[in-house]
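Bear in mind that the values here come from a model prediction, so they are computed numbers and not experimental data. The figures that follow rest on heavy atoms only: side chains count, while hydrogens, waters and symmetry mates do not. Order of appearance sets the numbers: ligands from 1, and atoms from 1 within every ligand.
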Amino acid sequence: MTTGHNVYLLPQTDQLRAMHTVIRDKDCSREDFVFYARRVIRLLLEAGMDLLPFTKKEVITPLGTTFHGLEFASKLCAVPVIRAGEAMEGELRDVHPGIRVGKILIQRDKETKLPRLYYKHLPDDIAERHVLLLEPMLATAGSALAAIDVLRESGVAEDRIIMVNFLSSPEGLRRVATERPRVRIVTSAIEERLNEHAFMVPGIGDFGDRFFGTTDSGAKK
Ligand code: PRP
């Protein structure tokens, strides 16, 4: 599953490829897009939480015997990068109902593709927490690096940041690895490349548009 010291690619099973086949199809209905995207997001969140620290814990089973188990050893929070990152919140709350959630709003300029921070609101004690940074698309990595900077300015150590990402470009992964080498990234696919418009190919279109139904065909962007 590991493809570089900071990148954790989900096992590329036939089932995962079949789900990607549905959601990458430009003619996929919104209902199918949301359903299968959420199934992949669940796998990504589980893989992200596998990277958190655990300590030993023993419990007594109903048979009166000892089970030598583990429990999560740190405080956790999640920070979706609005807007597309919010697509991951539903599954997150299913697997971790009480989790604290901060928000960062970053948008790429339509022409320059450079990210701009509009808003942030994070838990007061975020510096003591591990952070699941929810950012489905890693293209040039500008947005992801801007979000990581916001977390670092709030006192979060790089090695406490786990980015939960749906689709990544080789260029974007390299850039994060170079500039923020201790941030870990869980992804379900690594694309061939970025095109001249800074979109990933073969790609998935505009994830936020397709998930939230903003346009009739976010895929055509
Ligand atoms: C998209 C996407 C990522 C970003 C990735 O956001 O959701 O946040 O671009 O590109 P990058 O790696 O080159 O920065 P966009 O600004 O289009 O906003 P959205 O979340 O509303 O779709």
Side-chain angles (χ1 to χ4, degrees), residues 4 6-7 9 20 23-24 26 28 30 33-34 36-38 40-41 44-45 48 78-92 101-122 131-152 158 161-181 183-221:
N6 70 332
V7 180
L9 178 64
H20 265 266
I23 60 186
R24 286 166 183 266
K26 67 179 174 49
C28 173
R30 173 151 177 247
F33 186 89
V34 171
Y36 288 102
R38 290 187 69 164
V40 176
I41 288 166
L44 290 164
L45 289 167
V79 177
V81 179
I82 305 169
R83 165 191 61 151
E86 290 185 306
M88 294 179 158
E89 273 194 58
E91 295 305 301
L92 175 76
V101 178
K103 301 271 182 178
I104 297 176
L105 171 53
I106 291 172
Q107 295 280 288
R108 293 201 303 184
D109 181 277
K110 298 289 179 214
E111 301 302 322
T112 65
K113 308 301 177 194
L114 294 174
R116 181 169 166 201
L117 173 68
Y118 287 90
Y119 170 83
K120 60 174 176 170
H121 207 119
L122 303 171
V131 179
L132 295 175
L133 179 62
L134 310 182
E135 171 53 282
M137 306 293 273
L138 187 72
T140 65
S143 306
L145 288 166
I148 291 167
D149 280 349
V150 170
L151 297 177
R152 290 177 69 245
E158 234 177 87
I161 301 171
I162 296 168
M163 190 190 311
V164 181
N165 165 259
F166 203 101
L167 220 62
S168 55
S169 72
E171 296 90 334
L173 290 173
R174 274 196 295 273
R175 196 169 161 207
V176 177
T178 303
E179 297 187 27
R180 298 287 169 232
V183 170
R184 288 166 289 174
I185 303 170
V186 178
T187 188
S188 73
I190 301 174
E191 299 298 280
E192 287 170 16
R193 61 184 169 83
L194 290 179
N195 69 13
E196 64 278 20
H197 304 295
F199 291 123
M200 290 180 272
V201 286
I204 202 169
D206 188 309
F207 190 93
D209 279 0
R210 299 188 76 192
F211 192 93
F212 294 114
T214 314
T215 61
D216 284 341
S217 180
K220 285 182 179 153
K221 182 176 171 188

(Q) For ligand 1, which is the ligand I care about here, please tell me if Ala139 has any N or O atom under 3.5 Å from one of the ligand's N or O atoms. (A) yes

For residues 131-145, which side-chain N or O atoms pair as donor and acceptor with protein atoms under 3.5 Å away, sequence neighbours left out?
{"unit_1": "Glu135", "atom_1": "OE1", "unit_2": "Met137", "atom_2": "N", "d": "3.2"}
{"unit_1": "Thr140", "atom_1": "OG1", "unit_2": "Gly142", "atom_2": "N", "d": "3.2"}

Q | Atoms in ligand 1 with a heavy atom of Ala141 nearer than 4.0 Å | A | 11 (P), 12 (O), 13 (O)

Q: Considering the heavy atoms of Ala84, write down every atom of ligand 1 situated less than 4.0 Å from one of them.
A: 7 (O), 20 (O)

Q: Apply side-chain contact (heavy atoms from CB on, under 4.5 Å) to Arg180 and Ile161, showing your working.
A: CA-CA 10 Å; Arg180 298 287 169 232; Ile161 301 171; over 6 Å; no

Q. Is the shortest N/O to N/O distance between Arg108 and ligand 1 below 3.5 Å?
A. yes

**Q.** Working for side-chain contact (heavy atoms from CB on, under 4.5 Å), residues Phe211 and Glu86
**A.** CA-CA 10 Å; Phe211 192 93; Glu86 290 185 306; over 6 Å; no

Q. Side chain, backbone, both or neither: which part of Asp209 has a heavy atom under 4.0 Å from ligand 1?
A. neither

(Q) For a quick test of reading the model, state the closest non-hydrogen atom pair linking Leu92 to Leu45 and the distance between them. (A) N-CD1, 3.4 Å

Q: Kindly identify the option in Arg83, Lys110, Met137 whose heavy atom sits closest to atom 22 (O) of ligand 1.
A: Arg83

Q) Going through the distances and angles, do Tyr36 and Arg24 end up as a side-chain contact (heavy atoms from CB on, under 4.5 Å)? A) CA-CA 10 Å; Tyr36 288 102; Arg24 286 166 183 266; over 6 Å; no

(Q) As an exercise, identify every atom of ligand 1 less than 4.0 angstrom from a heavy atom of Thr140. (A) 11 (P), 12 (O), 13 (O), 14 (O)

Q | ligand 1 to Gly208 polar contact by distance, N or O atoms, under 3.5 Å | A | no

Q: Carefully, step by step, assess Leu151 and Ile104 under the rule side-chain contact (heavy atoms from CB on, under 4.5 Å).
A: CA-CA 9 Å; Leu151 297 177; Ile104 297 176; 4.3 Å; yes

Q. Mind checking what makes salt bridge (charged side-chain N to carboxylate O under 4.0 Å, His left out) contact with Glu192, not counting sequence neighbours?
A. none

Q: Using a strict cut-off of 4.0 Å, indicate which atoms of ligand 1 neighbour a heavy atom of Glu135.
A: 3 (C), 7 (O), 8 (O)

Q) Does Asp206 come within less than 4.0 Å of ligand 1, judged by its heavy atoms? A) yes

